[in-house]
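Within every chain, numbering begins at 1; the chains are lettered A, B, ... in the order of the sequence lines, protein sequences first and strands thereafter.
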Amino acid sequence: MFVRERGQGRSYTNEDNGRGSTLKRFKKYVEGRNDLFIPFIMSGDPNEQATIELAVELQDRGANVIELGIPYSDPLADGPVIQEAASRSLKNNTTLESSIKSVKKMREKGLKIPVIIFTYYNLLLQLGEDYFFALARENEVDGILVPDLPYEEGEHLRALCEKEGLALISLVAPTTSEERLQQIAGNASGFLYCVSSLGVTGVRSEFHASVFAFLEKVKKYSSAPVAVGFGVSKAEQVEALKESCDGVIVGSALIKRVASHEADLQDPKTREKAIKQIGDFAAALTAPYRTEKLST
Amino acid sequence: MFVRERGQGRSYTNEDNGRGSTLKRFKKYVEGRNDLFIPFIMSGDPNEQATIELAVELQDRGANVIELGIPYSDPLADGPVIQEAASRSLKNNTTLESSIKSVKKMREKGLKIPVIIFTYYNLLLQLGEDYFFALARENEVDGILVPDLPYEEGEHLRALCEKEGLALISLVAPTTSEERLQQIAGNASGFLYCVSSLGVTGVRSEFHASVFAFLEKVKKYSSAPVAVGFGVSKAEQVEALKESCDGVIVGSALIKRVASHEADLQDPKTREKAIKQIGDFAAALTAPYRTEKLST
Amino acid sequence: GRFGRYGGKFVPETVMHALEELEAALNKFMADEAFLHDFQEELREFSGRPTPLTFAKKMTERLNGAKIYLKREDLNHTGAHKLNNAIGQALLAKRMGKEKIVAETGAGQHGVAAATVAARYGLECKVFMGEEDIERQALNVFRMKLLGAEVVPVKSGSKTLKDATNEAIRYWVSNVEDTFYLIGSVVGPHPYPKMVRDFQRVIGDEAREQFFNRENKMPDCIVACVGGGSNAIGTFYPFLDDESACVGVEAAGKGIDTPQHAATLTKGSLGVIHGSLTYLLQDEAGQIQEPYSISAGLDYPGIGPEHSYLKDSKRVEYVSITDDEALDALTLLSQEEGIIPAIESAHALAEAFKRAKEMNKHETILVCLSGRGDKDVHTLMKTMGGEAH
Amino acid sequence: GRFGRYGGKFVPETVMHALEELEAALNKFMADEAFLHDFQEELREFSGRPTPLTFAKKMTERLNGAKIYLKREDLNHTGAHKLNNAIGQALLAKRMGKEKIVAETGAGQHGVAAATVAARYGLECKVFMGEEDIERQALNVFRMKLLGAEVVPVKSGSKTLKDATNEAIRYWVSNVEDTFYLIGSVVGPHPYPKMVRDFQRVIGDEAREQFFNRENKMPDCIVACVGGGSNAIGTFYPFLDDESACVGVEAAGKGIDTPQHAATLTKGSLGVIHGSLTYLLQDEAGQIQEPYSISAGLDYPGIGPEHSYLKDSKRVEYVSITDDEALDALTLLSQEEGIIPAIESAHALAEAFKRAKEMNKHETILVCLSGRGDKDVHTLMKTMGGEAH
């Protein structure tokens, strides 16, 4: 692994230590970039077809990675918007297995970028790790993010991911101690999910300063691109963050649009238009990245 | 005081130890008799006039003593029938004082027989004992019965009664110990109120035997005629008791009739008729005494 | 059978025998090691005594005056000091060979205590309770039934505590041979007031020792609420020969200048109620008046005769606290110490808080926290309109 | 942080720092004489410990088998064993310099305990409670507010305990700097299960000494109910090296062959809930199922990880008792001993009564009577239709 050279974008690399072929997608679409747009969508919200089409649309609107959320009865790391999306999805009997299988259908529709499965640990445990990896391989999944599996509890899964060539996305937070930060960031694969506590309790202006200091520290240690999540909902925020990290993760803001178009997404006749509108929102949100690209 | 000669009626006597003149009425109407009819009526139930007329009527129907009950908020020695009579009377603001004063009115209507004031101790205490005796004298009251003043607590009042020439009616019950029985019965004045527990919980046939044994014992010790109260409501009971005691006290059975004629007693136009009907009941109840008198 | 001129046996002749029998049993068993051992053991192993003495640190700091200690009778089984007495009387009833107990109850606290000891010691239990109170205290009625007691509705008079007491006495009169009348406070004819005091003095005996261990002196002031007065007598009695000032707190309801209060010693006059010569609330003619207090346990028109005596002898001072003052004290103790007191006990607290402010930091106040407030939450919700703050 | 394979810290990264901080504080203060002294003193002077050991004489005679002893956690302040742990955690929070506590609650018992210690020790308190539970438990909601706590309605998921727990964790994540999360049972991420056990072991420590003083041996069998499992661990733990058989009793609700039960160890499977690897009730895909029990305190889809370990190691036997069996046991104890147990505790009693019958008169059973039943009277009235007999 290379140590990141500070201040220079697009300089990350992931060695392919004999891992499977899926990390190739990270190499192609993620590594070395500093304008990552990583949308989070809820599998099966409001139905499988909508999720598939939305993933493809988001790729067309500049997404670099799709984070595919699996609905869970007790999503304790999530706010109300994502909880409600999970409830909607669970009504369709969406499971971890059905969600992984839908990735293949996304690929068939032309999805090329990496797909990360965002799942609580209990769902993975019940599916069985071996079966999970077999399914992931077969359905061209690129990585996994388990929000309730901190670094210390993840050793076994990390080893399996490495063997299978899947990215195990790690998280760091402003409360993460320096020692753990070094360890977690130094072992990051795919990208490093950096939790700003901004989004948890609403934007606090006085908190901004410490977030930037935190991001600087994270970037110093990270072996992968650093993306910021939790509470990113406006182009202004993307603009403010773009110099300090390599990308943004957008969840609730997007899910809210899905919720407001629920009826249209359910109806095959209106679905395409609704998906375009959601795509428009995504494009507007990430406009600051393109502005930069244009001006470069 | 003379000791009673057993088995012989009309042999009681009360010495007039310099007491007031009221004991004269006991001498004339009570002493020496064994067919005493002592009705209990509630002062002011349903109004003063009715009580006055009822007293006179009962005298006409053979009553030897009128027991005039004073309504009390907490009549813990009384059953529900008398409690309700007290409630009715309290609505007319009947007091111990107004009740004593109504005795004078009874006298004016021709009442000759002794009148006993039946009052809970608290009413007497609040009126004041001196004032009570002054009122009693002025209004020609002959005695007092305080159901919640047992012998031991009555020393002071007993002394005052003796001085004033009023009968202090004592009670004995089947549970009264032999020692107390001797003491209470031996000091009885006016008449001795003998509580059969019959009436408290309804007639129990298996209890009868012990009642008669109890009455025999009471008569042995009593310095005054022995009248039985609590639960006397039928001529058959009077018949059954007449050989074993010197009289009966009739309360609830009479009060029930007052209650059932309440409306008629309130209306001056129908009152007289209602009072006659209550008188008829009293006469029927005490018929066994007159039968004996006729056959003698 | 008197405390000075107060007390006595103003009861129907039919009850006299039972009182004599009770007195004889008391003379025998209160000197019987085995009986006293059983009583102490049941207080300890069934009711959970000794109850603790809790230092109210935050309240003391807040008032910035005398140190406040709470004797925690709320931690007794069934939630109040009532059980001390119920255990004593039930054990006595057993020794006397009685198979049944009868009791009166107002809000249901003594009824629950009576039903509890009846279950524990295998006695039949009948509890007389006014129809209105049955309506208002459905939970306690259910508890009594669950404990196996029969709850008898009383329809006479005002259908509340004093009528339930009359009715219990009437029942007792008729069933005196196999039935023991378990009175809930230091009221009624002799020897009840003395007996109940002797069963409740465990409060003061424990508190005296605990307080001395803690402060190495006696409290400067001792405060307890007074309805019938059993928790107060139980607390004060062992301290009567000490220097400690004793303060009994009556319920002033909506104010002692209104007709709605239960301040017997403050506003009452001498009379007879439930067999005892004592102060009581009555009209001029001597009819007993219906008292009022937000607290069902203080809502009694009489008072234990020993309190009348202690008032006259000036050994105890009696004051009164209004509904509103009691509610404020209840809220304050809840929020400062995490203890929701019974509304009854809150009257004592209100007085103690007033006094603490006027005293210096080296002085101490002992308050009898006679019961827990869980039973009052319904009342509080109604009164405070669902808003606790 | 494991009991065998069970336990662990399955929590978002944002919480990890707080858990490390808690672990450091625990290591420091659980070895600190002054802290332990404060804890013991508050158990004694505030909560009323030691709680008594009560011999259930009439029940023993009725069943004609093993002698039954009850460890009376119902006599703790606020009415259950919950306060032991709440005192411990709140004192720890103070030492850690936290100014606020947050807690979850189902029926409201832990919420009341948390609000109580917050008042007593001067901490701000927020209690998360499902909207449905707020509706059902209006009295406890009022008690918490009266104690000064803020009750936050939870509208997510099934609007009951597990969602309130999720929400409390979410709040904690956002306010971890000045807020201490006061968990109510031996659940949650390490070090919570161990910490809560260490605060609750006072039950077993006392019972062990009391029992030995009474019987001069250890009990043959120890029975406790298990929801999250804190009273059971607290009772069993000090006996684990003895010969005594230990039996944990889960809620079988309407029957373990119906979907309506809370028998986690009997019918559940391995998984992760609220930060801990343990048995839980879930569907095939891993979605957590809503459990059912008439008892709100046993109505939890997971179980403390140490219980999972004790089940696997066979040191403790786990069985289940239905709603109906628990109600029968509740009625029986009420009528035979004058103690109305919490419905939770009645599950343990039902199992103990079954076993006592099969044992001989020289054998003994110790039952943890974890709480009082007053809180359940509303439920009982509904279930029994107002008829207690």
Against chain C, label [X] side chain, backbone, both or neither, depending on which of its atoms sit under 4.5 Å from a heavy atom there.
X: D/I339; answer: both
X: D/R143; answer: both
X: D/R372; answer: side chain
X: D/A115; answer: neither
X: D/E337; answer: both
X: D/L53; answer: backbone
X: D/D374; answer: side chain

Comparing D/K58, D/M59, D/R44 against chain C, the one with the most heavy-atom pairs below 4.5 Å turns out to be D/K58
Within this structure, what is the [atom1]-[atom2] distance for the pair [X] and [Y], rounded to the nearest 0.5 Å?
X: D/F55; Y: C/E41; atom1: CZ; atom2: CD; value: 10.5 Å
X: D/T54; Y: C/R120; atom1: OG1; atom2: CZ; value: 6.0 Å
X: D/T116; Y: C/I340; atom1: OG1; atom2: CD1; value: 6.5 Å

Would you find a donor on one side and an acceptor on the other, under 3.5 Å apart, between the side chain of D/Q335 and the backbone of C/L146? yes
C/H77 side chain to D/R72 main-chain N or O, any donor-acceptor pair under 3.5 Å? no
Verify the neighbour count for atom [atom1] of [X]: are there more than 12 heavy atoms of other residues, nucleotides or ligands below 6.0 Å?
X: D/E135; atom1: CD; answer: no
X: C/E61; atom1: CD; answer: yes
X: D/R95; atom1: CZ; answer: yes

Which atoms form the tightest heavy-atom contact between [X] and [Y], and what is the distance?
X: D/A119; Y: C/S334; answer: CB-O, 3.4 Å
X: C/P52; Y: D/G48; answer: CG-CA, 3.6 Å
X: C/N76; Y: D/L75; answer: C-CD2, 4.1 Å

Let me see the working for D/E45 and C/K57 under salt bridge (Lys or Arg N to Asp or Glu O under 4.0 Å), right down to the final yes or no. CA-CA 12 Å; D/E45 301 200 353; C/K57 184 164 174 282; over 6 Å; no
